Protein chains: 4
Amino acid sequence: MTADHAKPRRQHTGRRRNDAAREAILDATFDVLRDRGVDGLTIDAIAEAAAVGRQTIYRWWPSKGAVIAEAMARRARAIVPVRDSGSFAGDLKSFITDSFAGLEDEGMRRALRQLAAAAQRDEHAAQVVRDFTAQRRATLRALFAQGAERGDVSPAADLGMLVEMAYGVLWYRTLISHGPLDAGAAESLTAHLLAAARRQVR
Amino acid sequence: MTADHAKPRRQHTGRRRNDAAREAILDATFDVLRDRGVDGLTIDAIAEAAAVGRQTIYRWWPSKGAVIAEAMARRARAIVPVRDSGSFAGDLKSFITDSFAGLEDEGMRRALRQLAAAAQRDEHAAQVVRDFTAQRRATLRALFAQGAERGDVSPAADLGMLVEMAYGVLWYRTLISHGPLDAGAAESLTAHLLAAARRQVR
Amino acid sequence: MTADHAKPRRQHTGRRRNDAAREAILDATFDVLRDRGVDGLTIDAIAEAAAVGRQTIYRWWPSKGAVIAEAMARRARAIVPVRDSGSFAGDLKSFITDSFAGLEDEGMRRALRQLAAAAQRDEHAAQVVRDFTAQRRATLRALFAQGAERGDVSPAADLGMLVEMAYGVLWYRTLISHGPLDAGAAESLTAHLLAAARRQVR
Amino acid sequence: MTADHAKPRRQHTGRRRNDAAREAILDATFDVLRDRGVDGLTIDAIAEAAAVGRQTIYRWWPSKGAVIAEAMARRARAIVPVRDSGSFAGDLKSFITDSFAGLEDEGMRRALRQLAAAAQRDEHAAQVVRDFTAQRRATLRALFAQGAERGDVSPAADLGMLVEMAYGVLWYRTLISHGPLDAGAAESLTAHLLAAARRQVR
DNA sequence: AGTTAATCGAGACGGTACGTCAGGTCTTGGC
DNA sequence: GCCAAGACCTGACGTACCGTCTCGATTAACT
């Protein structure tokens, strides 16, 4: 007698979608991604970690990349708000420092790398990455625009370029150079961005 | 009789390594990568496109990523030399414009994206990417150092950060935002970098 | 507006078992079995053809084989009565001819083959087959016993064996050799059975 | 260190088909069929029992039924030779007794039932069953023809029917009635067949 | 000149993951 | 309580690639 009856971990919801299963899948995806990397991220592994049938994953997501993307987007939600420190320099520094801080965990960086990799081959993941990063860029761009109103950013400055110089460093260090994203890096980047914004050369 | 015997496209080299086969593999890898993306890039596909046995690939490269990396490095060789225009601003602009120009072909960008994706999961590809980009950074850093000697770059400037701001934009636009890498973008980036380098704010 | 709302083909019976649903299931089972063979005979297919929920099938039958068996038994009911022609030879010939005639439809033969196949793997179907064939054997055996009383069957004859020689041919031709089960075959079999019954050798 | 290197159970044959693998698959199929029945006979189970990759099975057989059929045919080979006892009655009795004896093992009967079931749904298995049984029928028919020459079988007898009466009993008892196939049954069947063959009634 | 040795194209092999399909269980909401 | 509907977990299916192995051929280097 194996006394295996203590199994109903999750409530069945009958003919309606089980949202608990959905969340379990997304959580499991993130966990597997962080702990085992992308090679260990098989649909089977997700299904097993989420205690879910494989079909349940295929029923709701069109591809593995879509699951990864949604799992990641779920974690990145509500991070890096714009803070009002009274000065443009302060606001920018806070924003960049906070953005970097969100990646201080190696697991998070690893997951982000996998997401970027997935986006190169999976259209669904690519869409999520596109939307997510566009929204982040818009936020930072608004901050620069605010700086322009205050006179801290030259009217001749290319705000889009400034934004991509900032996020470029963040992603480049995450994906390519594996350079640090600590407070010092944030400070240095902020200083150079301020200089770049202030005076447009020629 | 099917007269199919007119097949020996490539000379057999006996017990010595057949360099023609090696090149066929690298060419085929790049072609498949560009034309079919990373999902179509199977060892079988490379072998078939190169008219080569699979074992011949495994004999000379430790992993698929290594093949991709070498195929890519082969194409990127000898691009973006440092030109001496007489002024730091001119040199920087040339460097960045040339760097961007190397990616004006969509096929090249696609291949680069696949390389970056491969580097996230394949140690051999990662190593090649690491080495290649480190070398590029060193080149650009030397250019900034030369600018510092001329007084165009502030002694307080963080040269490493400036370098990554430049390459960050290049990779960010390639991998994430898919923004343009044309002459206008190069000019804007150059201008902002010059400003960032010239005056270190606090 | 697709005007698809005109769907209630069948009356809902509320909390009492809906016998119309039961019959729809059995009919659908037989139809699917005959038309699409056993590979097309999925529970889903039956449910869809009967316009019934899957659960309704599982509520009333323990297995697919049980449904098949009941669907078949329903069709085979009240066939092949014993006729009294006045002579044993005439009675036997009628019985065999009628038995064969019940299988002149290819759909019926196909369904019977599927039933036999189901009985090899499903205990419920096996039970139905066992009961049904035992009843048929008993009927034929009674006919032989009657022949023994009349002196047309030797007292030394093995009635059980004679019965299985008859049904053996019927099933063997249905399942294995696909030989004809027409009037000529019935006549030949009858003649040989009469000879076999009349004189027990040694 | 797991010392797992003692693995090469079977010799690799390179680019040529490995006949040892083929035989291992057929053996494993028969074993699984006999031991676990048809529900346990999955391709995975065969592959695992044969220590073979699933693809190796799919490479050489078009369907599961084809594997079953070949595995069975392999076992049934060279059984039931025609023996020359000097008399037709003796030869027939030997043949039937030997045929029955080949099924005295319950595992063999079970496997045969599964083969018959497979033949109802799989064209490849059906073909093998058709060929195999046709060959057996031809052998027995030749025996009856020889009896006709000796005068033990009436010229008016329907040899084909006699053959199917014999094999009908064998298969009917195996598939349907599960009656005994022992020496007594063989003797009874032989006696009735002799009577049926000797005198054609009417 | 004959032998040895390494490469090559080819393709079978033991595996792993894929995405699909069917089975049998469960719950909802309507009747 | 019965019913249609459909989500759920499970597990087999057949396919695609992986990386390894062996073959027979070809040629270069060594005897």
Side-chain angles (χ1 to χ4, degrees), chain A residues 7-8 10-18 20-21 39 41-45 47 50-60 62-64, chain B residues 7-8 10-18 20-21 39 41-45 47-48 50-60 62-64, chain C residues 7-8 10-18 21 39 41-45 47-48 50-60 62-64, chain D residues 7-18 20-22 39 41-45 47-48 50-60 62-64:
Chain A
K7 274 287 189 82
R10 198 184 298 128
Q11 195 63 24
H12 236 290
T13 59
R15 70 179 283 189
R16 279 210 311 269
R17 176 168 189 181
N18 190 339
D39 286 337
L41 187 70
T42 64
I43 296 285
D44 274 289
V52 140
R54 247 195 340 274
Q55 190 61 45
T56 300
I57 299 176
Y58 287 115
R59 199 180 346 259
W60 300 111
S63 72
K64 191 160 69 175
Chain B
K7 274 286 189 91
R10 199 184 298 128
Q11 194 63 26
H12 221 295
T13 58
R15 73 180 280 187
R16 275 209 314 269
R17 175 168 189 182
N18 189 341
D39 286 338
L41 186 69
T42 64
I43 295 284
D44 275 289
E48 191 183 347
V52 138
R54 253 200 328 273
Q55 189 60 45
T56 302
I57 299 175
Y58 287 114
R59 204 182 338 263
W60 301 111
S63 72
K64 190 161 69 174
Chain C
K7 275 284 189 89
R10 196 186 304 126
Q11 195 62 27
H12 226 293
T13 58
R15 73 182 279 183
R16 271 206 317 275
R17 175 166 188 183
N18 188 340
D39 286 338
L41 185 70
T42 64
I43 293 286
D44 274 290
E48 190 182 347
V52 137
R54 251 195 335 256
Q55 190 58 44
T56 302
I57 299 176
Y58 287 115
R59 204 181 339 261
W60 302 110
S63 73
K64 191 163 70 174
Chain D
K7 275 287 190 82
R9 318 168 193 229
R10 198 185 297 128
Q11 195 64 25
H12 237 289
T13 58
R15 73 177 283 188
R16 278 208 313 270
R17 176 166 190 184
N18 189 340
R22 179 180 165 276
D39 287 337
L41 186 70
T42 64
I43 295 284
D44 273 290
E48 190 183 346
V52 140
R54 241 190 349 265
Q55 190 60 45
T56 301
I57 300 176
Y58 287 115
R59 197 173 355 252
W60 300 111
S63 72
K64 192 161 68 176

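Everything numeric in this text was worked out from a predicted model, so none of it was measured.
Rounded to the nearest 0.5 angstrom, B:I57 CD1 and B:I43 CD1 are separated by 5.0 Å. With rounding to the nearest 0.5 angstrom, the OG1 atom of A:T42 is 7.0 Å from the NZ atom of A:K64.
One interatomic measurement links the two molecules: CZ of B:R10 to C1' of F:dT26, which rounds to 14 Å at whole-angstrom precision. In this structure, C:I57 atom CD1 and E:dG23 atom C1' are separated by 12 Å, rounded to whole Å.
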Protein and nucleotides 15-17 of chain F: nitrogen or oxygen contacts under 3.5 angstrom:
from	atom 1	to	atom 2	distance (Å)
F:dT15	O4	D:R54	NH2	3.3

Under 3.5 Å, which protein N or O atoms sit close to an N or O of nucleotides 1-7 of chain E? Give each pair with its distance.
from	atom 1	to	atom 2	distance (Å)
E:dT7	O4'	B:G14	O	3.1

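Geometrically, D:R22 does not engage D:W60 in a cation-pi contact defined by less than 6.0 Å to the ring centre and at most 45° from the axis.
When all heavy atoms of D:A47 and D:G53 are compared, the closest pair comes out as CB-C, 4.3 Å. Nearest heavy-atom pair across D:R10 and D:A20 is CD-CB, 3.7 Å.
C:D44 has its side chain within reach of C:R54: a pair of non-hydrogen atoms, C-beta onward, lies under 4.5 Å apart.
Comparing B:V52 and C:A45 by the nucleotide of DNA chain E that holds the closest heavy atom to each, the one mapping nearer the 5' end is B:V52.
Of the candidate nucleotides E:dG9, F:dT22, F:dC3, F:dT22 has the atom lying nearest to any side-chain atom of D:Q11.
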